[in-house]
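Notes for the one structure printed next.
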Amino acid sequence: MKTTFTRRDVIKNSAGLAGLGFLGNSMEHRFKEADTQAGIDLKGKVNHSACRWCYQAIPFEELVINAKKIGLQSIELTGPEEWDILKKHDMTAAIGWGKYPEGMGLTNFFNKIKNHDQLVAFYEDLIPRAAKVGVKNLITFSGNRDGMSDEQGLLNCKKGLQRIMKTAERHDVTISMELLNSKVNHKDYQCDHTEWGAVLCEMVGSDKFKLLYDIYHMQIMEGDVIATIKKHNQYISHYHTGGVPGRNEIDESQELNYSAIIKAIYDTGYKGFIGQEFIPARADKMASLEQAVKICDI
Ligand SMILES: O=C(O)C(=O)CO
């Protein structure tokens, strides 16, 4: 994507709106800001995003500004307060979240019936807030098995998720369950295989329920990344990256060929974002992020 654009480009593209007197002072100010961005030359096919939690030492607004300069359009796994800051910089959150009900999170979520009332209330509140600022995707989790069979997990998740699907559909917001590895990072997590997630998508039966395919996590659990993406892409709404092993930079120091994987993803017709979720091991974290963006910019 061309990340530097001139004031003339902007004015040309906004000519109709300008004619309607739509261009207020704050817009004018933002266009000036855009003129002064450094930017890197990207190809325009891939929508680039990064996860906030991998850059926690960097103050949020500073991260947003610097990420925009290297071609990102989104800082994700962010919530409503951060969405306002993103909007101020004409950025978005490719996938959002919020403050989960007490005691809930990745290990304890939709596969437990006792959580459903609180989770339904949580998403009923968050979905319209996301829609209002143009955040089109919200993350969700299965929770850990805790002795539960995979069949029972499917039934329980289906029951809870179906309660929020009408709201998701009405607001055009996708709810995406993340596939995570249960071998290294998230022992006992239930949504740890693509097939299980695909069956859940069929059971929920709404095109607003999909999977977040985390390439790092699924390489650990299943391998066969490109074939799996080709087979199941209709159920996938978002992708995360990370070097295997170690979850660090996605460069030649690890085993996956990210350029080939991203090409395969976009060959499926995918129009969404690639969310960088590696933990930078090198001191210059933004240089690592810029390198990852270039690797994925097919
Ligand atoms: O916590 C993790 O490991 C995740 O991938 C969250 O997105």
Side-chain angles (χ1 to χ4, degrees), residues 47-57 60 63 67 72 74-79 82-83 86 92-101 103-111 119 122-123 126 130 135-145 157 173-194 196-197 200 209-223 225 228-229 235-250 254 256 258 261-262 265 272-281 285 288-289 292 296:
N47 298 311
H48 298 282
S49 177
C51 293
R52 191 327 173 221
W53 71 268
C54 304
Y55 304 88
Q56 285 189 44
F60 187 65
L63 175 64
L72 282 88
S74 149
I75 301 293
E76 61 176 73
L77 300 187
T78 47
E82 292 149 321
W83 298 341
L86 284 162
T92 189
I95 187 162
W97 62 15
K99 193 173 169 342
Y100 298 120
M104 283 181 222
L106 210 144
T107 58
N108 180 31
F109 227 64
F110 264 117
N111 66 354
L119 285 174
F122 168 78
Y123 281 103
L126 193 62
V135 171
K136 303 294 257 179
N137 210 333
L138 293 172
I139 199 167
T140 197
F141 304 104
S142 60
N144 283 1
R145 289 183 175 86
C157 286
V173 170
T174 301
I175 307 298
S176 300
M177 185 172 284
E178 184 160 18
L179 287 153
L180 299 169
N181 85 72
S182 57
K183 267 190 198 168
V184 178
N185 302 99
H186 303 293
K187 295 254 190 264
D188 201 39
Y189 182 74
Q190 191 150 43
C191 184
D192 62 355
H193 277 86
T194 313
W196 187 92
L200 181 60
F209 177 71
K210 291 212 174 341
L211 303 174
L212 191 178
Y213 183 91
D214 186 307
I215 299 161
Y216 160 80
H217 287 300
M218 288 302 99
Q219 168 69 0
I220 290 172
M221 291 307 290
E222 305 177 327
V225 168
T228 307
I229 289 168
Y235 302 115
I236 300 172
S237 67
H238 192 57
Y239 291 90
H240 276 169
T241 71
V244 182
R247 205 176 198 173
N248 301 123
E249 278 80 355
I250 61 167
Q254 52 83 53
L256 289 165
Y258 265 100
I261 294 170
I262 305 302
I265 290 172
F273 286 80
I274 301 298
Q276 301 293 342
E277 202 186 25
F278 67 92
I279 302 166
K285 296 184 191 319
S288 290
L289 182 55
C296 292

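When a ligand or atom number is given, it counts from 1 through the structure's own listing order. For clarity, every value in this text was computed on a predicted model and none was experimentally measured. Heavy-atom basis, side chains included; hydrogens, waters and symmetry copies ignored.
- Those atoms of ligand 1 that come under 4.0 Å of a heavy atom in D214, given as number and element, are 5 (O).
- Looking at ligand 1, you'll find an N or O of E277 within less than 3.5 Å of one of its N or O atoms.
- What you find for N108 and G103 is that their closest heavy atoms are ND2-O, 3.0 Å.
- Looking only at atom types and distance, the side chain of H217 has no donor-acceptor partner in the side chain of E178 under 3.5 Å away.
- Contact annotation: for L212 versus ligand 1, there are no heavy atoms closer than 4.0 Å.
- Close contacts between ligand 1 and H186 involve ligand atoms 1 (O), 2 (C), 3 (O) [criterion: under 4.0 Å to a heavy atom].
- Atom 5 (O) of ligand 1 has R247 NH2, 2.7 Å as its closest protein atom, hydrogens excluded (heavy atom only).
- The nearest pair of heavy atoms linking S237 to K210 is CB-CB, 3.7 Å.
- Interface of E178 with ligand 1, defined as ligand atoms under 4.0 Å from a residue heavy atom, comprises 4 (C), 5 (O), 6 (C), 7 (O).
- Across all non-hydrogen atoms, the minimal contact from L72 to S49 is CD2-C, 3.4 Å.
- With a 4.0 Å cut-off on non-hydrogen atoms, E76 does not touch ligand 1 at all.
- H193 is listed as a side-chain neighbour of M221, based on a closest heavy-atom distance under 4.5 Å.
- Here L77 has side-chain heavy atoms under 4.0 Å from ligand 1, and that is the only part of it that gets that close.
- Contact atoms of ligand 1 toward H217: 2 (C), 3 (O), 4 (C), 5 (O) (distance under 4.0 Å to a heavy atom of the residue).
- Residues I215 and I265 are in side-chain contact: their nearest non-hydrogen atoms beyond the backbone lie under 4.5 Å apart.
- Between Y100 and F122, the distance from one ring center to the other falls under 6.0 angstrom.
- Each of D188, N144, D192 was checked for a side chain to side chain donor-acceptor pair (under 3.5 Å) with S182, and the lone residue meeting it is D192.
- A heavy-atom separation below 4.0 Å is not found between N185 and ligand 1.
- Distances below 4.0 Å separate heavy atoms of H240 from the following atoms of ligand 1: 7 (O).
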